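Worth knowing before you read on, the calculation uses all heavy atoms, side chains too, and leaves out hydrogens, waters and symmetry mates. Ligands are counted one by one from 1 in listed order, and the atoms in each one are counted from 1 as well. Computed from a predicted structure; not experimentally measured.
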Amino acid sequence: MSLKENLAKVRERMERACQRANRDPESVVLVAVSKNQSADRVAEAVDCGLTLFGENRVQEAKTKIPLSPGPTRWHFIGHLQSNKARDAASLFDMIQSVDSLELGAELQKQAEKQARTLRVMLEVNVAGESSKFGWHPEKVLAELSAFNQFNRLELHGLMTVAPYSTEAEKVRPVFRRLRELRDRCADQLGAPLPELSMGMSGDLEVAIEEGATLVRIGTALFGPRIRSRDTAEAG
Ligand SMILES: *Cc1c(COP(=O)(O)O)cnc(C)c1O
């Protein structure tokens, strides 16, 4: 199937889920996850009308982004090593996957050097999987006010990667807990945290029903990835 057909299907799935959940379709944004895809594939996606892309490796994005036809926006969605924070801060419009206070401090430093503010989200390891990066839910609440001191970082919301399951319904509690945690964080900050990045190719409907504002879709758009040494969260 062509990218165009895949995109139509994904959009339809998103719209149906919005209808079921009584949500405005405009309230959910599609992030096309272009990791492992060539710049040519990205250009094809841009031709289909996609403008927002997600990448999980800084090195790959660094070569791909300049080759991609504009106007595009890029979100970082993988584990970010501190020594790549400088490049990430200049390449990406949003770092969705800030997973520690230390990384926050490094991004703050780089944003200061680049005299800019950086849009970020906190990645939460809701299910506490040892194979995944991200904040433990209680730790987010404990460290939120410290994080809020980073005045160059603009906190937009929370992100999670749900445990893999062939039954999307099984991950509903994970998405629900991220939404509830987001609400508690917003309460604590006394400021809204509008974004919830959750839902991938297999479970976007459930994520939208539970309040996702950003869904990160790779396989359902581009087809199966050629898996090399990459894992879902490779830096
Ligand atoms: C690869 C990846 C996705 C996309 O997953 P698909 O199942 O291919 O849609 C989403 N989020 C993150 C963090 C990823 O690494």
Side-chain angles (χ1 to χ4, degrees), residues 1 3 5-14 17 28-38 41-42 44-45 48 50 52-61 64 73-81 84 88 91-100 103 119-135 156-172 174-175 178 195-208 210-235:
M1 271 231 288
L3 181 48
E5 289 167 306
N6 287 344
L7 175 59
K9 272 202 169 168
V10 167
R11 291 238 187 262
E12 193 183 313
R13 286 173 63 191
M14 290 172 64
V28 188
V29 171
L30 172 59
V31 182
V33 176
S34 50
K35 66 185 186 198
N36 295 22
Q37 305 294 339
S38 65
R41 282 294 264 174
V42 172
E44 202 184 329
C48 294
L50 286 164
L52 178 57
F53 295 90
E55 288 284 336
N56 71 338
R57 306 183 75 198
V58 173
Q59 205 50 46
E60 184 179 331
K64 196 184 297 182
R73 287 179 301 131
W74 298 78
H75 283 193
F76 191 74
I77 60 171
H79 175 60
L80 183 59
Q81 289 159 330
K84 305 238 173 85
L91 287 166
F92 292 95
D93 296 284
M94 170 96 87
I95 312 284
Q96 287 197 10
S97 46
V98 179
D99 55 16
S100 71
L103 178 59
R119 290 143 48 95
V120 299
M121 299 175 70
L122 304 183
E123 178 172 359
V124 183
N125 186 353
V126 176
E129 292 172 282
S130 58
S131 60
K132 288 212 169 89
F133 292 99
W135 254 287
H156 284 255
L158 304 183
M159 176 269 213
T160 198
V161 180
Y164 178 76
S165 169
T166 51
E167 284 171 76
E169 204 50 50
K170 283 204 173 141
V171 297
R172 186 182 294 277
V174 170
F175 295 149
L178 191 73
E195 306 289 358
L196 271 180
S197 174
M198 56 191 196
M200 316 195 333
S201 291
D203 53 21
L204 71 91
E205 286 90 349
V206 182
I208 289 173
E210 294 301 328
T213 61
L214 292 160
V215 289
R216 310 178 307 266
I217 311 298
T219 314
L221 286 174
F222 296 105
R225 281 180 293 277
I226 301 146
R227 287 185 74 88
S228 52
R229 63 203 170 84
D230 294 323
T231 62
E233 295 205 55

Stepwise side-chain hydrogen bond (donor to acceptor under 3.5 Å, both in side chains) test for Ser197 and Arg216: CA-CA 7 Å; Ser197 174; Arg216 310 178 307 266; 2.9 Å; yes
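- Between Met200 and ligand 1, no N or O atom pair is found at a separation short of 3.5 Å.
- At least one N/O-N/O distance between Ser201 and ligand 1 falls below 3.5 Å.
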Verdict with supporting geometry, Arg41 and Leu3, side-chain contact (heavy atoms from CB on, under 4.5 Å): CA-CA 9 Å; Arg41 282 294 264 174; Leu3 181 48; 4.3 Å; yes
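- Not a single heavy atom of Gln96 sits closer than 4.0 Å to an atom of ligand 1.
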Chi angles and distances behind the side-chain contact (heavy atoms from CB on, under 4.5 Å) call for Glu169, Arg172: CA-CA 5 Å; Glu169 204 50 50; Arg172 186 182 294 277; 2.5 Å; yes
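- Side-chain atoms of Lys64 never come within 3.5 Å of backbone atoms of Val42 as a donor-acceptor pair (strictly under, hydrogens ignored).
- Here the two rings, on Phe92 and Trp74, have centers that are 6.0 Å apart or farther.
- The shortest side-chain heavy-atom distance between Val126 and Met198 does not fall under the 4.5 Å cut-off.
- Using a 4.0 Å cut-off to heavy atoms of Arg216, the atoms of ligand 1 that qualify are 4 (C), 9 (O), 10 (C), 11 (N), 12 (C), 13 (C).
- Of all the atoms in ligand 1, the ones that sit under 4.0 Å from a non-hydrogen atom of Lys35 are 1 (C), 2 (C), 3 (C), 14 (C), 15 (O).
- Close contacts of ligand 1 with Thr219, meaning ligand atoms under 4.0 Å from a residue heavy atom, involve 6 (P), 7 (O), 8 (O), 9 (O).
- At a 4.0 Å heavy-atom cut-off, ligand 1 touches Val161 through the side chain alone.
- Panel note: side chain Ser165, backbone Glu167; a donor-acceptor pair is recorded below 3.5 Å.
- Per-residue contacts place Ile77 under 4.0 angstrom from the following atoms of ligand 1 (heavy atoms of the residue considered): 11 (N), 12 (C), 13 (C), 14 (C).
- Short contacts between ligand 1 and Ile217, defined as distances under 4.0 Å to a heavy atom of the residue, involve ligand atoms 9 (O).
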